[in-house]
Undergrad: 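Input: one structure, supplied below.
Naming convention: chains lettered A, B, ... in sequence-line order (proteins, then strands); numbering from 1 in each chain.
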2 protein chains.
Amino acid sequence: MSTISPKKQEIIDRESRILELARQMVLSGGYHGLGLDSLATELGVSRGTIYNHFKCKEEIILALLVETMGKRRDMFQRAASYREIPRVRLAAIGVAAELFVRLYPDHFRVEQIVKSDSIWDKTTEERRALVKGCQMQCVGIVAGIVRDGVAQGHVTLPEGTSCESLVFGLWSMTEGAYSIIATSDAVAELGIHEPFPAIRTNIHRMLDGFGWLPLSSEMDFAAAMEKIVEDVFAKEFARLKQPW
Amino acid sequence: MSTISPKKQEIIDRESRILELARQMVLSGGYHGLGLDSLATELGVSRGTIYNHFKCKEEIILALLVETMGKRRDMFQRAASYREIPRVRLAAIGVAAELFVRLYPDHFRVEQIVKSDSIWDKTTEERRALVKGCQMQCVGIVAGIVRDGVAQGHVTLPEGTSCESLVFGLWSMTEGAYSIIATSDAVAELGIHEPFPAIRTNIHRMLDGFGWLPLSSEMDFAAAMEKIVEDVFAKEFARLKQPW
DNA sequence: TCAATTTCTTGACACATCGTCAAAAACATC
DNA sequence: GATGTTTTTGACGATGTGTCAAGAAATTGA
């Protein structure tokens, strides 16, 4: 029999509530905003109970990260299975990445925190493997599209440049751009009031530079992206306040 | 008279020693690796004395950041004054950025930490202004070169794309790439064993995509960069273990 | 030179937070 | 409802930050 006793169910539910509340606290105050004492109090349990769920504070943060990365991987997967030529599928990935970061800025914030602080030492090998798995899946999805583009002759990489190298470029650009936007108002001070279109342009230029067909000058990618949104991410897009 | 009493000199010297030691501690253990107690003990003073120099722990970290960013700005400045066509001067900036991150990985680490944690609330307005000033100076140097390129007709930006937007692209790419390299071994797992050449390629492709002349296919940028190193950064390059 | 004044240093104190653990409470099973 | 198991609790020890009054050291002025 696989019925769940009410007590077990309560524990499972509580774990969700812990993560939900923890995310809010991290969002509002970073690593130090997450205090296990207030977390426990607010949940109506004692601190010891929290430690029944997670070995340490860092494990909670990593659990948040796993949730976050899983969410993005799912969006990437949906984008990648879009039935179109590789460069448009890549644009679909771009839509997914942008929608993700705009819909869930708090999720992105968690990634920022984990990256810089020395969190990893205290965490369990299992959860670290989960994180790494998600990361490699995301990269793998994109790499697959690049390989398709090469296989179909839409792009020819020069000697000594691998598909992965191009993926690294896409990853760097988005990672860097989102990070700059999230952690500094320098972008606005630069006079860039709509950074997301700027990011799209820069990525298109890089792909153009690799000669990936069709070039952004030959095709209306803006229209293509609108269609992607309609076809794949209508629900997510509807939740966006600032339209596009 | 502007002679400095021995006591004042001692205090000035101590401030340097504080920062030097603090950087080591941050490097080895992140934000939490910097303990004011061990810092004071190791320096042979009491904790109270540290607080005479810096209002709080966060101020120390920001002071490290100012040192770091000033160092990079100086290298940028040297690169920007290289007497060449704009695209080569941009390559010189690239050399500076890469040399910086490879020569001082610990400096870069500090930037990572500051970015994610909620450090800023506790710090003084003055030091925050110092940081922001350095940042805008770096950006301004690059923007100047881009404007030169446009003015000299080497590149024509499409309607609705500003010079700053391109600068944002360059910044994003390098920021993201260095961050990925520093915080994850995913790059190696992607099969990219020499990430720095890959970054250079991706940046060149983006500039090619903007049609910035001369294109990377028309000119031997590798040779140009070697010359830049010789002419501008010979001393720094000599200190690099892994050649290039 | 020495006393007055200013500046600097110290370390104990108050406070906050993390993680542990033995005892108590709640739960499950027969 | 008696017994064994699981879960919860909250006091405790350890560590770390920031403050401050008192003492030490340096500077100033006559």
Undergrad: Looking at dG18(D), dT9(C), dG19(C), which one has an atom nearest to any side-chain atom of Arg14(B)?
TA: dT9(C)
Undergrad: Taking the side chain as every heavy atom from C-beta outward, state whether Lys57(B) and Tyr31(B) have any pair of such atoms under 4.5 Å apart.
TA: yes
Undergrad: Tell me: CZ of Phe54(A) to P of dC18(C), nearest whole Å?
TA: 15 Å
Undergrad: Could you check which of dT9(C), dT7(D), dG18(D) has an atom nearest any side-chain atom of Lys57(B)?
TA: dG18(D)
Undergrad: Return no unless some side-chain N or O of Lys8(B) is found under 4.0 Å from OP1 or OP2 of dC8(C).
TA: yes
Undergrad: Is the distance between the ring centroids of Tyr104(A) and Phe108(A) under 6.0 Å?
TA: no
Undergrad: Find the distance between CG (Leu39(B)) and CD1 (Ile50(B)) and round it off to the nearest 0.5 Å.
TA: 4.5 Å
Undergrad: Should the pair Tyr178(B) and Phe196(B) be assigned to parallel (<30°), tilted (30 to 60°) or perpendicular (>60°) ring geometry?
TA: tilted
Undergrad: What is the distance, rounded to the nearest whole Å, between atom CD of Glu15(B) and atom C1' of dC8(C)?
TA: 14 Å
Undergrad: Lys55(B) NZ to dC20(D) P: how many Å, rounded?
TA: 13 Å
Undergrad: Quick one, which residues of residues 36-51 of chain B touch DNA chain C with a heavy atom under 4.0 Å?
TA: Val45(B), Ser46(B), Gly48(B), Thr49(B)
Undergrad: Atom NZ of Lys122(A) to atom C1' of dT15(D): distance rounded to whole Å?
TA: 11 Å
Undergrad: Nearest whole Å is fine: how far is dC20(D) C1' from Asn52(B) CG?
TA: 12 Å
Undergrad: Tell me the interatomic distance from His32(A), atom NE2, to dC18(C), atom P, rounded to whole angstroms.
TA: 9 Å
Undergrad: Rounded to the nearest 0.5 Å, what separates atom NZ in Lys71(A) from atom CG in Leu103(A)?
TA: 9.0 Å
Undergrad: Taking the side chain as every heavy atom from C-beta outward, state whether Phe168(A) and Glu164(A) have any pair of such atoms under 4.5 Å apart.
TA: no
Undergrad: Atom CD1 of Ile11(A) and atom P of dT6(D): how far apart are they, to the nearest Å?
TA: 11 Å
Undergrad: Could you state the atom-to-atom distance from CD of Gln9(B) to P of dT27(D) in whole Å?
TA: 12 Å
Undergrad: Gln137(A) pairs by side chain to side chain donor-acceptor pair (under 3.5 Å) with which of Lys132(A), Gln77(A), Arg73(A)?
TA: Arg73(A)
